[in-house]
There are 2 protein chains.
Amino acid sequence: MTSTGTRNGSPTLDEVAQLAGVSRATVSRVVNDSPRVSPEARLAVQAAVETLRYVPNRMARSLVTRRTDTIALVLSESNTQVFSDPFFASIVRGLSARLADTELNLVLLAARGAREQEKIGRYARQGHVDGVILMSLHSDDLLPDILAGTHLPLVLSGRPLDGRSIAYVDADNTGGAVAATELLLSLGRRRVATVTGPQDMVAGLDRYAGYRAAVERSGGRVDPDLIAAGDFTEAGGMRAMTELLSRAPDLDAVFVASDPMAVGAVQALRAAGRRVPDDVAVVGFDDAAVAATSDPPLTTVAQPLGEMTALMVELLLDQIESGERSVEARVCDTSLVRRASA
Amino acid sequence: MTSTGTRNGSPTLDEVAQLAGVSRATVSRVVNDSPRVSPEARLAVQAAVETLRYVPNRMARSLVTRRTDTIALVLSESNTQVFSDPFFASIVRGLSARLADTELNLVLLAARGAREQEKIGRYARQGHVDGVILMSLHSDDLLPDILAGTHLPLVLSGRPLDGRSIAYVDADNTGGAVAATELLLSLGRRRVATVTGPQDMVAGLDRYAGYRAAVERSGGRVDPDLIAAGDFTEAGGMRAMTELLSRAPDLDAVFVASDPMAVGAVQALRAAGRRVPDDVAVVGFDDAAVAATSDPPLTTVAQPLGEMTALMVELLLDQIESGERSVEARVCDTSLVRRASA
DNA sequence: GGACGTCGTGAGAACGCTCTCACGACCGGA
DNA sequence: TCCGGTCGTGAGAGCGTTCTCACGACGTCC
């Protein structure tokens with residue numbers, strides 16, 4: 001056979017050009033819709049593209065343009081529980097909505113353990129993506145280190161734990177926690193406990209710091225018996241609440257550092273015969289969907305997720321556009337959402 | 001400046017070759033560890049790679065090898081609830097564990113709506129991935145269609161809804177549902193209800209079919225009042241159970257088509273003052289982590305997830321290896337896990 | 001009617017890699 | 001001594017794009 005059109009692989013630019021009776025360059029122009037093409041040529045090419053079912057080869061294109069038009073959202077999480085966190089789902093939804101009418105593709109990469117994190121680091125460095133958004137960081141994560149060593153545009157979801165200079169977008173976790181705790185205090189509650197998030201994550205740390213600050217500012221003292229650690233899961237919240245109840249049966253309010261944990265806490269409270277909010281007032285964090293539908297509906301701290309995802313994309317796109325790493329930080333205000341639990 | 005080593009971008013093979021004093025071909029051989037390299041050359045190259053921090057450009061490599069060494073797991077789901085489904089998390093965990101010690105990378109793609117599905121289809125067709133695993137399919141999904149039109153290796157998680165010939169791996173959903181329902185019947189329960197999954201998903205359909213089959217086989221009749229539709233979420237399970245209770249207050253058992261829904265159902269039951277399993281026996285499906293920890297621990301149907309993910313990878317890899325689409329189907333046996341809820 | 005833009009087009013050189021092929025160097029067997 | 005084989009190596013041709021240039025064919029303006 002001579003060089004027929006029907007080869008094993010997909011059709012190439014050359015084949016389209018041949019069929020359309022123009023040069024490779026013209027086909028390329030049509031495909032990337034450059035204005036400098038005559039209507040006739042354009043039509044001919046479009047027809048050829050159609051009949052050959054031509055799809056440009058991205059590898060070849062990326063090789064010369066040095067762009068892949070895809071960005072990665074990497075979840076640097078050792079266990080798969082992130083997936084069950086509604087916060088994460090919201091971020092993914094927000095990101096892909098934001099990217100929907102751009103040329104950009106979004107890929108999710110999940111990393112558990114050092115080995116996989118290195119694999120992901122390699123993946124990113126090899127030029128598969130134009131930039132990465134890193135979320136759900138723990139203090140022992142390697143990825144910020146690995147990626148900081150490259151020129152890859154990078155944005156963190158959440159303030160970097162070690163003070164490293166990397167662009168990031170975060171909610172004012174501390175401020176939100178202060179507001180939540182102060183609400184509880186202003187309600188006349190005297191024994192305000194807290195279920196914290198993981199203390200190796202910035203959201204866990206900051207929300208705990210906010211709680212402490214509010215308690216101290218009110219003239220109270222921070223009682224260790226009123227503090228229990230959770231892990232942002234419902235089951236963890238239930239466990240922590242049970243523990244709290246046994247250590248401080250007289251508590252009359254609790255600030256829970258995430259809504260899924262708050263749901264678990266309410267269950268534990270109920271199991272112990274306490275009424276919410278009559279006996280114990282509860283405030284959560286995140287304003288997840290579950291907060292509105294749980295029983296009772298949860299008073300919680302809302303983060304402007306839409307704004308945050310939009311900012312992340314903006315920061316990343318700026319870096320990609322300019323070719324320069326930025327270290328811009330954006331912290332978004334939170335707001336208290338009053339419902340029935342406090 | 002002449003062609004110095006320090007350019008703006010990353011170092012290339014040529015630069016490494018120059019530094020090591022060998023040819024490009026030799027460097028390539030070392031990088032892909034071909035045996036035909038003398039120890040001295042190998043050492044020199046490795047040193048050069050080290051000092052230049054050389055990372056091969058995947059685009060260039062893929063362009064010639066026609067492989068990307070990455071496979072995609074695509075979630076063709078219109079709402080982001082998949083993420084909260086523990087089944088999904090298990091699949092992701094299983095897949096990446098299975099791929100951990102291979103060269104293969106795993107990327108997750110999430111598609112909501114026709115527009116994004118087309119975008120993902122394009123992404124896949126453009127040569128970003130060597131193969132795709134499709135999960136969580138609904139009947140109106142475009143992706144099987146879009147991808148079936150390509151030569152891309154493809155494996156479905158779950159039997160294709162429209163009988164199309166595509167390789168797939170599935171659990172014996174029908175068999176599992178039959179076993180669950182028969183257990184309930186064998187316990188002497190006379191009014192066995194069901195909370196189904198979405199009826200546009202094969203797991204929802206098959207588990208419902210299994211329930212019907214078991215009821216009919218036992219000589220009973222399928223009572224519409226005993227059937228309510230859920231959506232595989234906890235909230236949906238709660239809603240459906242509440243509905244069931246109002247339509248058929250005399251029910252004494254319920255087969256719930258997923259564990260998260262079963263957890264919701266138990267809550268609804270409890271809210272209505274029914275004891276589990278004394279008043280109403282409950283069987284779930286999936287053997288999710290939550291099944292063991294919920295109160296009471298759930299009797300449920302376990303799927304061999306590890307086996308299933310291994311099979312998906314195997315089927316996909318076979319296709320990639322051979323360059324041929326296969327239509328092989330593998331259905332894995334389920335097993336009943338007896339706990340306290342039935 | 002000649003000089004000068006603009007406009008559509010094609011030739012051809014990249015991009016960074018892999019892979020075939022040829023070529024010397026070396027070895028063992030006749 | 002010569003021949004055939006292996007072994008390490010390098011030259012060079014691709015892979016399918018984009019993009020810079022150069023080049024004719026037009027106007028348009030003096």
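Treat the numbers as computed from the prediction; the structure is a model and nothing was measured.
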| said: If we check side-chain contact (heavy atoms from CB on, under 4.5 Å) with Arg42(B), which of these qualifies: Val37(B), Val22(B), Thr26(B)? | reply: Val37(B)
| Less than 4.0 Å between a side-chain N and a carboxylate O, is that true for Asp69(B) and Arg58(B)? | yes
| task | Between dG10(C), dC19(C), dT9(D), spot the one nearest the side chain of Thr26(A), thanks. | result | dG10(C)
| request: Whole angstrom is fine here: how far is it from CG in Leu13(B) over to P in dA11(D)? | output: 14 Å
| Given Met135(B) and Leu156(B), is the side chain to side chain contact (heavy atoms under 4.5 Å, CB included) satisfied, shown in steps? | CA-CA 6 Å; Met135(B) 71 177 283; Leu156(B) 305 193; over 6 Å; no
| In degrees rounded to 10°, what angle is found between the helical axes fit to the five outermost pairs at each end of the helix from dG1(C)-dC30(D) to dA30(C)-dT1(D)? | 50°
| Roughly, in whole Å, what's the span from CZ in Arg36(A) to P in dC19(D)? | 15 Å
| Separation of Asp33(B) atom CG from dT18(C) atom P, in whole Å? | 12 Å
Using residues 161-168 of chain A as the side-chain source, report each donor-acceptor pair under 3.5 Å to any protein atom, sequence neighbours left out, with the distance given to one decimal.
{"unit_1": "Asp162(A)", "atom_1": "OD1", "unit_2": "Arg164(A)", "atom_2": "N", "d": "3.2"}
{"unit_1": "Asp162(A)", "atom_1": "OD2", "unit_2": "Arg164(A)", "atom_2": "NH2", "d": "3.1"}
{"unit_1": "Arg164(A)", "atom_1": "NH1", "unit_2": "Asp145(A)", "atom_2": "OD1", "d": "3.3"}
{"unit_1": "Arg164(A)", "atom_1": "NH2", "unit_2": "Asp145(A)", "atom_2": "OD1", "d": "2.7"}

| task | Provide, to the nearest angstrom, the distance between the CZ atom belonging to Arg29(B) and the C1' atom belonging to dG10(D). | result | 8 Å
| query | Partners of Ser96(B) by side chain to side chain donor-acceptor pair (under 3.5 Å), sequence neighbours excluded? | reply | Arg112(A)
| message | Less than 4.0 angstrom between a side-chain N/O of Ser38(A) and OP1 or OP2 of dG8(C), yes or no? | response | no
| message | Just the rounded figure in Å: distance from P of dC7(D) to CZ of Arg42(B). | response | 14 Å
| task | Measure the distance from CZ on Arg67(A) to C1' on dT17(D) and round it to the nearest whole Å. | result | 16 Å
| message | If I take atom CG in residue Asn32(A) and atom C1' in nucleotide dT20(D), what distance separates them, rounded to the nearest angstrom? | response | 15 Å
| Point-to-point distance, once rounded to the nearest 0.5 Å, from CG of Leu106(B) to CG of Leu109(A) | 8.5 Å
| query | Quick one: Gln18(B) CD to dT9(D) P, roughly how many Å, whole number? | reply | 18 Å
| Pairwise 5' ranking along DNA chain D for Ser28(A) and Pro35(B), keeping only the more 5' one | Pro35(B)
| task | Mind checking the CE-SG spacing from Met308(B) to Cys332(B)? Nearest 0.5 Å is all I need. | result | 5.5 Å
| note | Winner on side-chain proximity to Val37(A), out of dG8(D), dT18(C), dT9(C), is dT9(C)
| query | Looking at Thr12(A), does any N or O in its side chain come under 4.0 Å of the phosphate oxygens OP1/OP2 on dG16(D)? | reply | no
| request: Ignoring the backbone of Arg24(B), work out which of dT20(D), dG10(D), dT18(C) is nearest its side chain. | output: dT18(C)
| field | Of residues 56-65 of chain A, the positions that come close to DNA chain D - non-hydrogen atoms, cut-off under 4.0 Å | value | Pro56(A), Asn57(A), Ala60(A), Arg61(A), Leu63(A), Val64(A), Thr65(A)
Can I get a per-line list of side-chain donor-acceptor pairs under 3.5 Å for residues 311-327 of chain A, giving both atom names and the distance, sequence neighbours left out?
{"unit_1": "Gln319(A)", "atom_1": "OE1", "unit_2": "Leu154(A)", "atom_2": "N", "d": "3.1"}
{"unit_1": "Gln319(A)", "atom_1": "NE2", "unit_2": "Leu154(A)", "atom_2": "O", "d": "3.0"}
{"unit_1": "Ser322(A)", "atom_1": "OG", "unit_2": "Asp318(A)", "atom_2": "O", "d": "3.0"}
{"unit_1": "Ser322(A)", "atom_1": "OG", "unit_2": "Gln319(A)", "atom_2": "O", "d": "3.4"}
{"unit_1": "Ser322(A)", "atom_1": "OG", "unit_2": "Glu324(A)", "atom_2": "N", "d": "3.1"}
{"unit_1": "Arg325(A)", "atom_1": "NE", "unit_2": "Leu152(A)", "atom_2": "O", "d": "2.6"}
{"unit_1": "Arg325(A)", "atom_1": "NH2", "unit_2": "Leu147(A)", "atom_2": "O", "d": "2.8"}
{"unit_1": "Arg325(A)", "atom_1": "NH2", "unit_2": "Thr150(A)", "atom_2": "O", "d": "3.1"}
{"unit_1": "Arg325(A)", "atom_1": "NH2", "unit_2": "Leu152(A)", "atom_2": "O", "d": "2.8"}

| Which residues satisfy the side chain to side chain donor-acceptor pair (under 3.5 Å) test with Glu328(A), sequence neighbours excluded? | Arg330(A)
| Do Asn57(B) and Gln126(A) have a side chain donor and acceptor closer than 3.5 Å? | no
| Under 3.5 Å, is there an N or O donor on one side and an acceptor on the other linking the side chain of Arg66(A) and the base of dG16(C)? | no
